[in-house]
Structure formats: C-alpha cells, structure tokens
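The next block holds one structure in the form of structure tokens; read it before the comments.
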Amino acid sequence: MSEKMWQGRFEQPTDSLVEEYTASIHCDRRLYRYDIQGSIAHCRMLAECGILTHEEASQIVQSLGEILREIERGELLLDASQEDIHMAVEQRLMQKIGELGGKLHTARSRNDQIALDTRLFMRDVVLECRRLLLETVNILSGLAEKNLHIVMPGYTHLQHAQPVLLAHHLMAYAEMFLRDEERLAQCFDRINVLPLGSAALAGTTFPINMEMTAKALGFPRITRNSMDAVSDRDYLIEFCAASAILMMHISRLAEELVLWSTVEFGFVDISDAFCTGSSIMPQKKNPDVPELMRGKSARVYGNLMALLALVKNLPLTYNRDLQEDKEPAFDTADTVRQTLAVLNKMLPELRFNQDRMETAAAQGYALATEVADYLVRKGVPFRKAHYVVGQMVHHCEKLGKDLSDCSVEELKKFHKALDADLFAVLSLHSAVERRTSHGGTSPQRVREAIDAVRAETHARLERVHVDAPPAV
Ligand code: ARG
C-alpha cells in the first residue's frame, strides 16, 4: 500500500480490497503512450504560457520520455496501489525528479486526462478500422471481378427468387462496408476534439492555451464546454454503435459462408486454414472462423448496451462509474480489429463452385419472372401474366418438370401469346443480362458498380490519410 496523491485529507489508508476494487490500471495501462504524449503536450504548453519555467518543463518532458521507455521495456511495475495509469506515471515522475514532478498536474485533472487518453486511443483504433474496412471492400471488389460471370440463385425468404450474379451478391456487402466506413469517418470527426484543459469540470484559473495543446496533439477542434468535456462519452458509444452495425454485417456474411459451405449448398469452399476438425468425426471440416465472427458480434452488441446503460443516469459531470467505460470500449476495439483482419485473410481464399451455383440457380422455377416479363412485353398486363405463370408453375410442379420442358402446345393452353420464342428467355444468363436497370445484376451494371466502388474506396483511403494525425 503506497501513499496516495490525494492522501492529504484522509486519516486512514485505503482498505486493500477497496484498492483492488477501485483500481483501473489493469485495463487503462494500455493507454500509457497516450497518457504520456498528452502530458508532454500539456507540459510544453504550460511553459509557453509562463505557468512553468522552460527549465522545469524540459526536465519534466525528458523524464516523461524516460518513463515511456521504461514502460515499453517492461521495467516499470504497474499495480493496483497506483490506482490508474495517470497516477502511475505521475508517481514515477516524482520518484525521478521529486517535487518538481508535482507541477505537471497544474491546470488539469484526471477527468480531462482520461477523456484525452481515450480520445487519442480511439483515434488510432478508428483509423485502423477504416483502413481495414476499405481493404475488405477492395478484396470483395476483386472477388467480384474474378467471378464476374458466375450465376447463382438470388433469394428472398431463403427461397429461390431470381438468378443473380455472385459478383452482385458480393458487391452488396461492399456497399454495407462502405457505409460502415462512412459511419466511422463521421465518428472520427467527433472523437478528434481536445478536452485537455477542461480540468476537473469548471475550467482552470491558469492562463492556459488549449489551441496550443490541440495543435501539438493534432486535434483540429477543442471542446467548448468543460463540463460536457469531462462527462461526455458519446465518442465511445458512437464507436461501439458503428461497430455493432459493422459486426452485424460481418455476421450476415459469415452466416452465408456457413450455409454455403454445407453439403446441401456446396457453393463455397473455405480454405482449410480457416476451418477446424472434430475430435470424434474424422470427416469434419467446420467453418469455425465465420461462426466465431457471428458469435463475436453478440459481444459487440453487449458492449454497446453496457455503455448506454453506464451513462444514462449519470448527473453531470464526472462520476467514477465512467471508469467502467474502458473495458467495453477496448473489447469492442480489439474484437472489431481482429475480426476485420481475419476476414481480410479469409475472403481471398474462398473458392466458389460455379457448377453448384448455376445448377441451383436453375432450380425452383427461378425463371418464372422471365415468363411473366415475356408476356408483359407481348402486351399482357403484369397482374394477368403473373397469374398465368403461377398456373404454369403449378402444372409443372405436379408433373415434376421444368418450365422449359413444356411443349409449345402445352404453353398455348396457358396463354395464346406464349410461343416458341419463349425458350430463348428461359436461360439463366439471359435473365441476368437483361436486368440492366440502375443497381441491377446485369454483368454490365455490376462491372460499372465495381469500378465505382473502386474509385470510392480510393478516395476514402485518401481521406483516411488526411485524417491521420502527424506522428509525434
Ligand atoms: N481512472 C479514472 C477513470 O478511468 C480516471 C479519472 C479519475 N477521476 C477521479 N476523479 N477519480 O475514469
């Protein structure tokens, strides 16, 4: 048990169980780099503003640099007696330079300090997630390009609906991930705001210059209200919300890969490197990676709920409850980064089975809409055509045959406009090729969509580059 920085007004030492209970260092220790980076910027600003002498500041800054290296080399023991990373660094500073170290905390508080640290942390996390997501989009575009002509069943209600291009299906996910990246980019702008200098809650009596600190740490904006600055956790909640939606998308893709890799579907082969075997059934190759992606989405949703519940009843401003924000936020950051990294390795290894997909696409009367559209082109109102083709399907189903197995005489019984030229439209490829409307599945439209998505991804990567703070 060590002497606390705030010991002054206390008669008794902290109970050891309480020390464990209130400590956050096991978790916030990973913020050490950001904490020290913030302290250095703060210290330099204090000197520029005449609050510390330049001599004092340079001693403090130099020692902070040493502490950073000590932590990096694992030389500094971080334990519960130090409560949190801020105290641990400050305590070490005092050990190194004595009383002078105590001047660093002038005009700030741990309340604005932790807000700063988590914003700096989140900035890096979000930038990395955006890069990873744009890579996912590029991989999907590449897969779509490579498999541009494979036709597969398009589903609604998981029933065969109309044939589509596999590339179109894949690019649907590219669109989702581009929206996710957009959400994260917007979230980034709200993370990227400096709170340091708000002090405990009310601002400070010292003539500080927050613009200077902001500039040093690469923040384009500064919080406007000190009370909001120390109690706001929107930036974590937004990240967790954007992550929950992103994981929902990954989970849907994962679900399709699980389904498509069954014997029943046989649409895709997931590389051995991303599957595991069974301890009892020798034949098994289980799609564990997509299953875990689906599973991990649940934790990410849970983390979002935990944060919303954490903040909802808190009076302004800082309350110690807020210390509980880090585990859900860090867990989300780790899960999302890891999931995206694994996804980006797994996707390029997928092998699609064209035969299985195209055989399946032809089944289940998936070309019925083609017959209806054919009749409409011959002047039959769509509703009437729909009814006629419904009867044809019913008839064929009873006889266990396909629409294209009908003779012209048989067709005529359903509608006089049906003729031998119908058979030309009863092909998967023509069904797909004729869907040329905007956003449709024709190869030409999908090709254009891939090009557009590639250009968009390129522009977004540029934006990530611009958003990245300068290295310090
Ligand atoms: N460890 C604290 C947290 O994570 C830092 C802020 C502590 N502030 C305080 N007044 N106890 O929230």
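Each residue takes its place number in the sequence, starting with 1. First listed ligand is number 1; within each ligand, the first listed atom is number 1. For the numbers below, each heavy atom of this structure counts, side chains included, while hydrogens, waters and symmetry mates do not.
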Contact atoms of ligand 1, heavy-atom distance to [X] under 4.0 Å:
{"X": "Lys326", "result": "3 (C), 4 (O), 12 (O)"}
{"X": "Ser24", "result": "1 (N)"}
{"X": "Gln323", "result": "1 (N), 2 (C), 3 (C), 4 (O), 12 (O)"}
{"X": "Asp84", "result": "1 (N), 2 (C), 5 (C)"}

How about Phe121 and Phe330: are their ring centres within less than 6.0 Å of each other?
yes
Heavy-atom nearest neighbour in the protein, as seen from [atom], with distance rounded to 0.1 Å:
{"atom": "atom 12 (O) of ligand 1", "answer": "Tyr318 OH, 2.4 Å"}
{"atom": "atom 10 (N) of ligand 1", "answer": "Asn111 OD1, 3.3 Å"}
{"atom": "atom 11 (N) of ligand 1", "answer": "Arg110 NH2, 3.5 Å"}

Check ion pair Glu291-Lys296 (N to O, under 4.0 angstrom):
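A salt bridge is absent here (no side-chain N lies under 4.0 Å from a carboxylate O).
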Matching residue for Ile40 among Leu104, Val61, Ile60, Leu217 - test: side-chain contact (heavy atoms from CB on, under 4.5 Å):
Val61
Assess, by modelled atom type and distance only, whether the side chains of Arg447 and Ser442 contain a donor and an acceptor separated by less than 3.5 Å.
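Result is no, nothing qualifies.
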Contact between His86 and ligand 1, counting heavy atoms under 4.0 Å?
yes
Any side chain to side chain donor-acceptor pair (under 3.5 Å) involving residues 160-171? Give me the pairs, sequence neighbours left out, ordered by first then second residue.
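Non-adjacent pairs meeting side chain to side chain donor-acceptor pair (under 3.5 Å): Gln162-Thr369, His169-Glu256.
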Contacts of type side chain to side chain donor-acceptor pair (under 3.5 Å), residue Asp124, not counting sequence neighbours
Tyr34
